[in-house]
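Counting starts at 1 for both ligands and their atoms, in listed order. Computed from a predicted structure; not experimentally measured. Computation of the quantities below employed the complete heavy-atom set of this structure, encompassing side-chain atoms and omitting hydrogens, waters and symmetry-equivalent molecules. Note that the numbering runs from 1 along the sequence shown for the chain.
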Amino acid sequence: MSKYLSLGKFSFGMGDRFAHQGKAQLRACLMATDQGAEVVPVWNKSNREHTFIGTEPSSLRAEADAAVQALGWKKPYHVDADHIRLETVDRFIAPSDFFTIDVADTIGKPAAAAAVKAFVDRHPELAGKLSVPHLNHPLDISRAEVERVANKFLLAVQDAGKIYRHIVKAKGEANFITEVSMDETDSPQLPHELLIILAALADEQIPLQTIAPKFTGRFNKGVDYVGDLKQFEKEFNEDLAVVAFAVQKYGLPPSLKLSVHSGSDKFSLYEPMRKALKKFNAGVHIKTAGTTWLEELIGLAEAGGDGLEIAKEIYAYAIQHVDEFCAPYATVIDIDKQKLPTGAAVNGWSSQQFVSALRHDQKNPAFNPSFRQLLHVSFKVAAKMGDRYYAALKKHESVIAKNVTENLFERHMKPLLLQ
Ligand SMILES: [Zn+2]
């Protein structure tokens, strides 16, 4: 394996659509670190987000550097080019030191038959009974299954290799962290598939720091996990066992860990995850983004006056464009239209009513997950407001920042890493 930059044990990916919450986000990492869980901050923004908002990747680097300087953060931090591909990576190369290579598009497309055969021949250990420490049963994968999995994923892995080497050429091998993401695809990757994928990534000589599989169940935007909790817990534990095994067996970096995309707000998962991480003494990367944008809206609503007006206006526009806004996110939201209040009704709401409907507090009977998910996908409305929105973020900075920090620290880092 070539030289590489490695990522600390616990890290939080923090997206910030409008680039005003860097300090508030970093403060949450500081608080976690003070309380005994060192959290490495990673600011992430995808090409898609940059395009929607009209920003350049260098702006994320500027935000991260400014936050770090303002708070006197002395530990590592990173800037993640999130979900990049060969066609989109170039403008990210200079400002980023973390690259999430998205290969979802090539999953399922078969690699050359000769390459698949070579892979299966190179890995006789994968077929048959394979004892993986901490798995209840040895894996028992037939040669045909190894071949099936290779057929499904090998092209994607080769693709990751190409993109990785393209970045190396431009940036130098020891200067960045590599993640491979497979989450934006149709079906979850089972633990034995993950093992085969890791073997193939090791063959490509990618010094992988994080891998983002698609997990069982639904990871809807900004709301809790929907799915079979027991099954998730079982597979998460098995994934950790497989990662630890692959590190030993294939010489992948010892810091390799799972990355959980759409990892914010999955409150029912944090306890089983915390237990599993403890059991395996494993690290994790949690990727979040929209949860911070929702805290901006909560802060604006809480501030009242023109802040509340803006929040209401965004909702009024969103409710008129439900289908348009939801269409690109069909697989990652579940909105019950019957539960969406009318624009007129929301227009009459107090700060407290707006905040109660939006804030992710499952104990509050006024919390409305449909309302929250619609606003999650409606950030383009704020982008269109432009200067007016940015001016409100500045004017109400303190109340917004408090919400941003509290959300990340109290509802995410604490239950996942500190309890
Ligand atoms: Zn993702």
- [ ] Run the salt-bridge test on Asp323 and Lys337 with the 4.0 Å N-O cut-off and return the result as yes or no.
- [x] yes

TODO: Determine the interplanar angle of the Tyr270 and His412 rings, folded into 0 to 90°, and report it as parallel if under 30°, tilted if 30 to 60°, perpendicular if over 60°.
DONE: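 Rings of Tyr270 and His412: tilted, 30 to 60°.
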
Side-chain donor/acceptor pairs under 3.5 Å, residues 373-384, sequence neighbours excluded:
from   : atom 1 : to     : atom 2 : distance (Å)
Gln373 : OE1    : Asp334 : N      : 2.9
Gln373 : NE2    : Asp334 : O      : 2.9
Gln373 : NE2    : Pro369 : O      : 3.3
Ser378 : OG     : Leu374 : O      : 2.6
Lys384 : NZ     : Tyr317 : OH     : 2.9

Task: Residues in side-chain hydrogen bond (donor to acceptor under 3.5 Å, both in side chains) contact with Asn136, at least two apart in sequence or another chain - done: none

TODO: Give every residue pair that meets the salt bridge (Lys or Arg N to Asp or Glu O under 4.0 Å) criterion with at least one member in residues 18-34, sequence neighbours excluded.
DONE: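 Checked against salt bridge (Lys or Arg N to Asp or Glu O under 4.0 Å) - neighbours excluded - the pairs reaching residues 18-34 are Lys23-Glu397.
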
Open item on the list: Suppose the cut-off is 2.8 Å; how many protein N/O/S atoms fall inside it around the Zn ion (ligand 1)?
Closed with: 3

- [ ] Say whether Asp265 and Thr291, considering side chains only, have a donor N or O and an acceptor N or O under 3.5 Å apart.
- [x] yes

